[in-house]
There are 2 protein chains.
Amino acid sequence: MNKPGIIEREAELCQQRCDHPDVVDEVRCSMPAEPLQQDVAQLFKVLGDHTRIRILNALYRSELCVCDLTSILGMNQSAVSHQLRVLRDAKIVRSQKQGKNVIYSLDDIHIAELIRIGFEHVVE
Amino acid sequence: MNKPGIIEREAELCQQRCDHPDVVDEVRCSMPAEPLQQDVAQLFKVLGDHTRIRILNALYRSELCVCDLTSILGMNQSAVSHQLRVLRDAKIVRSQKQGKNVIYSLDDIHIAELIRIGFEHVVE
DNA sequence: TTATCATATGAGTAGCTGTTCATATGAATA
DNA sequence: TATTCATATGAACAGCTACTCATATGATAA
C-alpha cells in the first residue's frame with residue numbers, strides 16, 4: 001500500500017527546501033518513539049467513541065454490571081458487551097466475576113484524569 | 001437505523017430485573033448531558049490517530065509550517081494538510097499565515113496536558 | 001504579466017469500526 | 001439433570017476515515 005521510496009525521496013527534497021531546517025532536525029530528534037506514539041493514538045482512539053465515553057462516565061460514578069450498563073445506556077446487551085471488550089483489551093476497565101454477573105470498573109487513575117480534562121476542555 | 005421502541009422497552013425490562021436499581025438510577029441522573037459527552041468523544045476521536053498524534057508531538061516542541069511537518073513525518077503534503085484541517089476544525093491547533101507559509105501551533109493548554117497524561121499512561 | 005512555490009481541497013477508494021442478529025458459554029436455580 | 005439468566009462472541013453489514021491523486025488557490029519572484 002505504501003510506496004516508501006517515493007515518500008522518502010519527497011521527504012528529503014522537502015527538507016532541503018524547508019524554511020526551518022534546524023528546527024526540523026531538532027524536532028525530529030526529540031520526537032517520542034514510534035511504538036509509543038502508536039500506543040497513545042490507540043488509547044485516545046478507544047476513548048474517542050460516544051458509547052464508550054458514556055460507559056466510562058457511568059463507571060466513573062460507580063462500578064456496575066453489564067446489565068446495569070445496558071439499562072443506563074438504553075442499548076442492547078450485545079453492543080455494550082462488545083464495547084466493554086474493547087475497553088478491557090485497552091486496559092481501560094477491569095472486570096470481576098460475581099456469581100452470574102460481571103462487575104466492571106475503571107482500571108486506572110489516569111483514565112479518570114483524561115476524562116476530567118477532556119470535559120474541562122469542551123466545557124470551556 | 002435505530003429502533004427506539006424496541007430499545008426503550010428492553011431498557012425498561014432490564015431495569016426491572018437489574019441487581020442494583022438504586023445505583024443505576026443514581027448514575028443515570030448524574031451522567032453528563034449527551035451533547036457534552038458527544039463533544040468529549042469527538043475530541044478524543046481526533047486525538048486518536050497516529051498521524052495526528054505525531055503532528056501534535058511535533059507542534060508540542062515547536063510551531064512549524066506545513067512543509068516542516070511534511071518533512072518530519074515523511075508523508076506527502078496532501079495527507080498532512082488533510083489532517084491539519086481535522087485538527088483545525090477541532091480547535092486543537094491554530095494556523096497563522098506568514099508569507100507563502102502557514103505556521104501551525106497547538107491551540108490550547110489542555111491539549112498539551114492530555115498528550116502528556118496519555119504518554120504517562122502508556123509508558124507506565 | 002507569467003512562473004513558481006506552499007498550501008488546501010474534492011473525489012475516489014481501501015480498510016476499519018460499531019451495531020445488530022444469532023448463538024455460545026457458563027453459572028445459578030429448580 | 002434441565003432450565004434460566006447474565007454475559008460473550010462470530011458474522012454480516014452500513015457508515016466512516018485516512019490516504020492518494022489531481023487540481024485549485026493564493027502569495028511571491030522573475
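Note: hydrogens, waters and symmetry copies are ignored here, and every other heavy atom, side chains too, is used. In what follows, chains are A, B, ... by sequence order, proteins preceding strands, each numbered from 1. What you are looking at is a predicted structure, and each value in this text was computed from that prediction instead of being measured.
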Could you tell me whether the side chain of A:S78 has a donor or acceptor atom within less than 3.5 Å of a complementary atom in the base of D:dT9? yes
Counting C-beta onward and ignoring hydrogens, is there a side-chain heavy-atom pair between B:Q98 and B:C65 closer than 4.5 Å? no
A:L87 CG - D:dT7 P separation (whole Å): 16 Å
Separation of C:dT17 atom C1' from A:M75 atom CE, nearest Å, is 13 Å
Between CG of A:N76 and C1' of C:dT23 the distance, given in whole Å, is 14 Å
In whole angstroms, the gap separating P of C:dG26 from NZ of A:K97 amounts to 7 Å
For A:H82 and D:dT9, do the ring centres fall under 5.5 Å apart while the planes stay under 30° apart? yes
Inter-residue atom distance A:D89.CG - A:K91.NZ, 0.5 Å rounding: 9.0 Å
Strictly below 4.0 Å: does A:N101 bring a side-chain N or O up to OP1 or OP2 of D:dA6? no
Between A:A79 and A:K100, the residue closer to the 5' end of DNA chain C by nearest nucleotide is A:A79
Identify, between A:G99 and B:R88, the residue whose nearest nucleotide on DNA chain C lies closer to the 5' end. B:R88
Phosphate-side-chain proximity, B:R52 and D:dA18, N/O vs OP1/OP2 below 4.0 Å: yes
Give the C-alpha distance, both sets of side-chain angles, the deciding distance and a yes or no for side chain to side chain donor-acceptor pair (under 3.5 Å) between A:Y104 and A:R88. CA-CA 9 Å; A:Y104 279 85; A:R88 240 188 304 124; 3.1 Å; yes
Side chain of A:D49 only, heavy atoms from C-beta on: which candidate in D:dT7, C:dG18, C:dT7 is closest? C:dG18
Write down the distance between CD (B:Q96) and P (C:dA8), rounded to a whole number of angstrom. 13 Å
When the distance from CD of A:Q42 to P of D:dT17 is rounded to whole Å, what number comes out? 16 Å
OP1, OP2 of C:dA8 versus side-chain N and O of B:Q77: anything below 4.0 Å? no
In whole Å, I'd like the distance from the CG atom of B:D89 to the C1' atom of D:dT17. 14 Å
Could you state the interatomic distance from OG (B:S81) to CG (B:L69), rounded to the nearest 0.5 Å? 9.5 Å
Tell me whether the side-chain N/O atoms of B:Y104 come closer than 4.0 Å to OP1 or OP2 in C:dA8. yes
Report the relative orientation of the aromatic rings in B:H110 and A:H121; use parallel for angles under 30°, tilted for 30 to 60°, perpendicular for over 60°. perpendicular
Quick one: which of D:dT7, C:dT9, C:dT17 gets closest to the side chain of A:K45? C:dT17
Starting at atom CG of A:L64, determine the distance to atom P of D:dA6, rounded to an integer number of angstrom. 15 Å
